Visitor: 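Below are the structure tokens for one structure; questions will follow.
Protein chains get the first letters and strands the later ones, always in sequence-line order, with residue 1 at the start of each. Computed from a prediction, not measured in an experiment: that's the story for all the values here.
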There are 2 protein chains.
Amino acid sequence: MPSSVQHKRIRKTPAARRAEIVDAAAAVALAEGLECVTLRRIGEELGVRPGLISHYFPSADDLVAEAFGSASSAELDSLLPAERAQGTPTLHLGWFFARAAGASYDNISRLWINARHLSRYRPVLRDRVAEQEAAWRERLTDLIRQGVDRNEFRTGDPYLTTIQILVVLDGLGAHANTDTSNRPAEVSRMAATTAERELGLPHGTLTRSDAPLTASPTG
Amino acid sequence: MPSSVQHKRIRKTPAARRAEIVDAAAAVALAEGLECVTLRRIGEELGVRPGLISHYFPSADDLVAEAFGSASSAELDSLLPAERAQGTPTLHLGWFFARAAGASYDNISRLWINARHLSRYRPVLRDRVAEQEAAWRERLTDLIRQGVDRNEFRTGDPYLTTIQILVVLDGLGAHANTDTSNRPAEVSRMAATTAERELGLPHGTLTRSDAPLTASPTG
DNA sequence: TTGCTTATTGGTCGCACACTCAATAGCATC
DNA sequence: GATGCTATTGAGTGTGCGACCAATAAGCAA
């Protein structure tokens, strides 16, 4: 029963192994933080020697950046799908805020704080953070533009509105590592409130309780 | 010329040495980040052996927390003085936003990101962050309450307004390690705009260009 | 089956970190 | 000027990290 330690080598294609490494790194980054994405830790996670991780990522910084990018873009796809099969922009925006205000979003908030801080020391990660920020901005802007086209939203500058919403969201997420428990409801609603104000929507439009808050807009 | 290395011991009182250590740690924390607050680094900063720092702070975590607390509370005193000798609440709030929106505030934003992230792993720091958050909230709430008393501001809930302002401020500060250069003016003004809206002030009241933006409110 | 490519291992090196503790020397006090 | 307290040193421990590299074996192709 040689199940505890792996002596038998398992040889995989570079593409498969690399994907496996990135997935593991993204999972560790989300659950424990980017500081825990080390050659040893990811190697252990996959039952593989640290040198192998080094082989696929000659610089550990690249792996950390890749872990963040992978986790972030996966979350973005889940939160704001690129192609929206069903539902109106208003509904999608409501779903977005419902999830972004929930406790399940805390891991993502933590990851963003983590990445924004670590950006200070790691240029590779800094570039990746900038790239992801652009991706989130673009995805949200697209949704707002579509809402404007359909006369659901009313704003003179969808891009500006997007940034304003994201600033509030960042501000709310900044405290993911501390309290957030005894936070007034008006504060938790701030992102949605901002969106409603800037998009000319009646107050409460984006936080209707009769909407299926937990359901995925595409599923 | 034994000027390069210090072989001569300089013996100070515990209180003086401790204060010296905390000051150096706070400076390093602000300039280079809390991760750089190490026994070696601070010892080198003071021309002293690392063991001495260990003597005053048996756990390095305590020093890191102290460094953050010291830097944060010093900045708070400078930004929102406890006793305001001159100027109205409106003027003080204007000064506050002027400084908080400037580039010189970036180091503070960086420090807060740093501390909020590191809180994830260090309970001692987490407590200190919570303490400082409370202090900032309290100081700003006091200012707003005073403005309400003098009929300069109009809000039903000074505490809630305070939190809303701080959330926006946190959101703006979150990007201190990345771009912030090509940020629309409306975004940079968001904190002041939020305050004006929530306090019933005419738009522009808190960002008047004729106010002495760089002067300290206490002299 | 044989051979070859290369994915994977195992071991090593240097570095930075916190922490411990006996030995030392500055300085106030007498 | 001698004495005692203790602030300060110096040396050492153990851990975890990234990086490097020769040796090995898995699995495909001939």
Visitor: Hey, which sits more toward the 5' end of DNA chain C by its nearest nucleotide, B:D61 or B:R11?
Guide: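 The residue closer to the strand's 5' end, by nearest nucleotide, is B:D61.
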Visitor: Checking all strands, does B:S54 fall into the base, sugar-phosphate, or nothing category for heavy-atom contacts under 4.0 angstrom?
Guide: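 Counting heavy atoms under 4.0 Å across all strands, the contact made by B:S54 includes a base.
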Visitor: Report the distance from atom CD1 of A:I53 to atom P of D:dC17, rounded to the nearest whole Å.
Guide: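 Checked: the CD1 to P distance equals 13 Å.
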Visitor: Using a 4.0 Å heavy-atom cut-off across all strands, classify B:P50 as base, sugar-phosphate, or nothing.
Guide: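 If one applies the 4.0 Å heavy-atom cut-off, B:P50 turns out to touch nothing in the nucleic acid.
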Visitor: Salt bridge between B:R189 and B:E196, side-chain N to carboxylate O under 4.0 Å?
Guide: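 Yes, charged N to carboxylate O under 4.0 Å.
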Visitor: For B:R40, which contact category applies under a 4.0 Å heavy-atom criterion: base, sugar-phosphate, or nothing?
Guide: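 The answer is base, as B:R40 lies within the cut-off (heavy atoms under 4.0 Å) of a base atom.
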Visitor: Would you say the side-chain atoms of B:N114 pair up with the backbone N or O of B:L34, donor to acceptor, closer than 3.5 Å?
Guide: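 Side chain of B:N114 to backbone of B:L34, a donor-acceptor pair under 3.5 Å: yes, one is there.
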Visitor: Tell me what B:T13 touches on the nucleic acid: a base, only sugar-phosphate, or nothing, going by heavy atoms under 4.0 Å.
Guide: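 If one applies the 4.0 Å heavy-atom cut-off, B:T13 turns out to touch nothing in the nucleic acid.
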Visitor: May I have the distance from B:R18 (atom CZ) to D:dT8 (atom P), rounded to whole angstrom?
Guide: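 Value for this atom pair: 13 Å.
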Visitor: Which atom pairs, one a donor and one an acceptor, fall under 3.5 Å between side chains of residues 21-31 of chain A and the rest of the protein, sequence neighbours left out?
Guide:
none

Visitor: Report yes if at least one side-chain N or O of A:H55 is closer than 4.0 Å to OP1 or OP2 of C:dT8; otherwise report no.
Guide: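 Looking at the OP1 and OP2 atoms of C:dT8, neither is under 4.0 Å from any side-chain N or O of A:H55.
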Visitor: Quick one: is B:R17 getting a side-chain N or O under 4.0 Å of the D:dT8 phosphate, OP1 or OP2?
Guide: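 B:R17 to D:dT8 OP1/OP2: side-chain N or O found under 4.0 Å.
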Visitor: Using a distance-only test with no angle check, is there a side-chain donor-acceptor pair under 3.5 angstrom linking A:W136 and A:T162?
Guide: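 Judged by distance alone, the side chains do not pair up.
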